[in-house]
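Data first, discussion second: the structure below is written as structure tokens.
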Protein chains: 2
Amino acid sequence: MQIAIVLYPDFTALDVVGPYEVLGRLPGAEVVFVAEDPGLVRNDQRSLVVSPEATLDEVTNPDIVLVGGGPGSRLQLDDGKLHEWLRAVDRTSTWTTSVCTGAPILAAAGLLRGRRATTHWAAMEVLARFGAIPVHDRVVVDGHYVSGAGVSAGIDMSLMLAGRIAGDDVAQMVQLIIEYAPEPPYAAGSLDVAPESVVERARAALAR
Amino acid sequence: MQIAIVLYPDFTALDVVGPYEVLGRLPGAEVVFVAEDPGLVRNDQRSLVVSPEATLDEVTNPDIVLVGGGPGSRLQLDDGKLHEWLRAVDRTSTWTTSVCTGAPILAAAGLLRGRRATTHWAAMEVLARFGAIPVHDRVVVDGHYVSGAGVSAGIDMSLMLAGRIAGDDVAQMVQLIIEYAPEPPYAAGSLDVAPESVVERARAALAR
């Protein structure tokens, strides 16, 4: 089971590493980090540098495709090599998945027309712009498309997907291995619960 | 505020990327991934390759030190360059932190003698072997030492720490930006709640 995780400049690390930690632990999983060009890829914070092990051209038939988000996703909304690759691999993938603002990339590539999907709370309108149906859930499944909400939601998305792929027992084993029994010290992780002042502060930070 | 995140071969990616995503977003944060030697570092799954941007020698005065865990942590329990560095930077660090089996490394370096600390549920006895007091909590603070339990616990650990460093408002802003409102699809993330068959399966997988 080959899992292709897409990297591009200014990606958000946790978007891809959360699901990687889950899906990569499934029996038979073989993960490959892919990028359009060879060479190092730097994340949005500019301090994490990853060396992808394949170019898009070299990965033609992955079983699972994962596209994460990040500020750099805005530069991946125009048609080009990544979109062509996504359309091609999506024809044979078992699951095509996204975390955060990875969903707008899938939508911009034309894969989510009329499909329900989720993304980061601050990017919902981008999904609609490309013909997807934005849903304010943490994880959304529509056909073989699975999307997670912002950044950390990739862990929940991938655990759900792990259950579908390998069964509940294996998914729970992975959950226990990564000790995923979250205890957030605050209730501020979604628009529903965050204090208004925190929402304003987060919107201002994201706008910068 | 310089944050040094230690990399070594066979590290677990989420251990370091969870806290990185939180702490790196604090005002004035400057993260540097450090390793004993220059050159690429490969994780436990062997498919994620990171290029650290400094060697231990080059980072002498970080404000925060973070040591993650992973199967490779077992090879970091003997005294040597990493331990020497940890003892040196700990003298001036504001916070010395760990996730998962990073805590046994701090303990083996002699930093946690008589200190309360947590680690991955499967590694508690290693802490005691090096004179630390194992505590079965998700996050443990003792003096300027902060430890998180297994893998995903680094997110909770770092959000708590973010509040201490930058205040509750900023910590909550970061929580909202990374949309950390977890919805695990199963209740299997800790020994307390996981079904016995899942615990056995996880123990067997970790022993391999």
Please report the C-alpha distance between A/Asp44 and B/Arg25 in whole Å, then the side-chain angles of each, then the deciding distance to 0.1 Å, and finally whether the side chain to side chain contact (heavy atoms under 4.5 Å, CB included) criterion is met.
CA-CA 10 Å; A/Asp44 52 359; B/Arg25 291 174 186 277; 3.5 Å; yes

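- Heavy-atom pairs under 4.5 Å with chain A were tallied for B/Pro184, B/Ala153, B/Ala194; the largest tally goes to B/Pro184.
- Contact count against chain B (heavy-atom pairs under 4.5 Å) is highest for A/Ala181 among A/Ser190, A/Pro185, A/Ala181.
- Partner B/Glu183 forms a side chain to side chain contact (heavy atoms under 4.5 Å, CB included) with one of A/Asp156, A/Asp137, A/Ile155 and no other, that one being A/Asp156.
- In terms of heavy-atom pairs under 4.5 Å with chain A, the best-connected choice from B/Ser197, B/Cys100, B/Ser51, B/Ala162 is B/Ser51.
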Under the criterion side chain to side chain contact (heavy atoms under 4.5 Å, CB included), I'd like the reasoning laid out for B/Val151 against A/Ile177: C-alpha separation, chi angles, the key distance, then a yes or no.
CA-CA 8 Å; B/Val151 193; A/Ile177 286 175; 5.7 Å; no

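- Contacts between A/Ala13 and chain B at a heavy-atom distance below 4.5 Å involve backbone atoms as well as side-chain atoms.
- Considering only heavy-atom pairs separated by less than 4.5 Å from chain B, the leading option among A/Val139, A/Val193, A/Asp168, A/Leu159 is A/Asp168.
- Without hydrogens or angle criteria, B/Gln172 side chain to A/Pro195 main chain gives no donor-acceptor distance under 3.5 Å.
- Side chains of B/Leu176 and A/Trp121 form a contact here, defined as non-hydrogen atoms less than 4.5 Å apart.
- Of the listed residues A/Gly24, A/Gly150, A/Gly18, A/Ala205, the one with more heavy-atom pairs under 4.5 angstrom with chain B than any other is A/Gly150.
- Of all heavy-atom pairs between A/Arg138 and B/Glu179, the closest is NH1-O, 2.7 Å.
- Annotation: the span from A/Ile3 atom CD1 to B/Ser47 atom OG amounts to 8.5 Å, rounded to 0.5 Å.
- Considering only heavy-atom pairs separated by less than 4.5 Å from chain A, the leading option among B/Arg42, B/Arg203, B/Met160, B/Glu200 is B/Arg42.
- In this structure, the side chains of B/Arg46 and A/Glu53 stay at 4.5 Å or more apart for every pair of heavy atoms.
- With A/Val17 as reference, B/Val17 is the one residue of B/Val17, B/Asp15, B/Val16 to meet the side chain to side chain contact (heavy atoms under 4.5 Å, CB included) rule.
- Contact annotation for B/Ala149: both backbone and side-chain heavy atoms come within less than 4.5 Å of a heavy atom of chain A.
- Heavy-atom pairs under 4.5 Å with chain B peak, among A/Glu21, A/Met157, A/Gln45, A/Glu30, at A/Gln45.
- Put simply, the side chain of A/Phe33 reaches to within 4.5 Å of the side chain of B/Leu48, judged on heavy atoms.
- Ranked by heavy-atom pairs under 4.5 Å with chain B, the list A/Val32, A/Val174, A/Leu14 is led by A/Leu14.
- The heavy-atom pair separating A/Gly163 from B/Tyr186 by the smallest distance is CA-OH, 3.3 Å.
- Counting heavy-atom pairs closer than 4.5 Å to chain A, the top residue among B/Ala171, B/Gly189, B/Pro52 is B/Gly189.
- Note: A/Ile178 leads A/Val31, A/Leu40, A/Ile178 in heavy-atom pairs under 4.5 Å with chain B.
- Looking at A/Val199, the atoms closer than 4.5 Å to chain B (heavy atoms on both sides) sit in the backbone and in the side chain alike.
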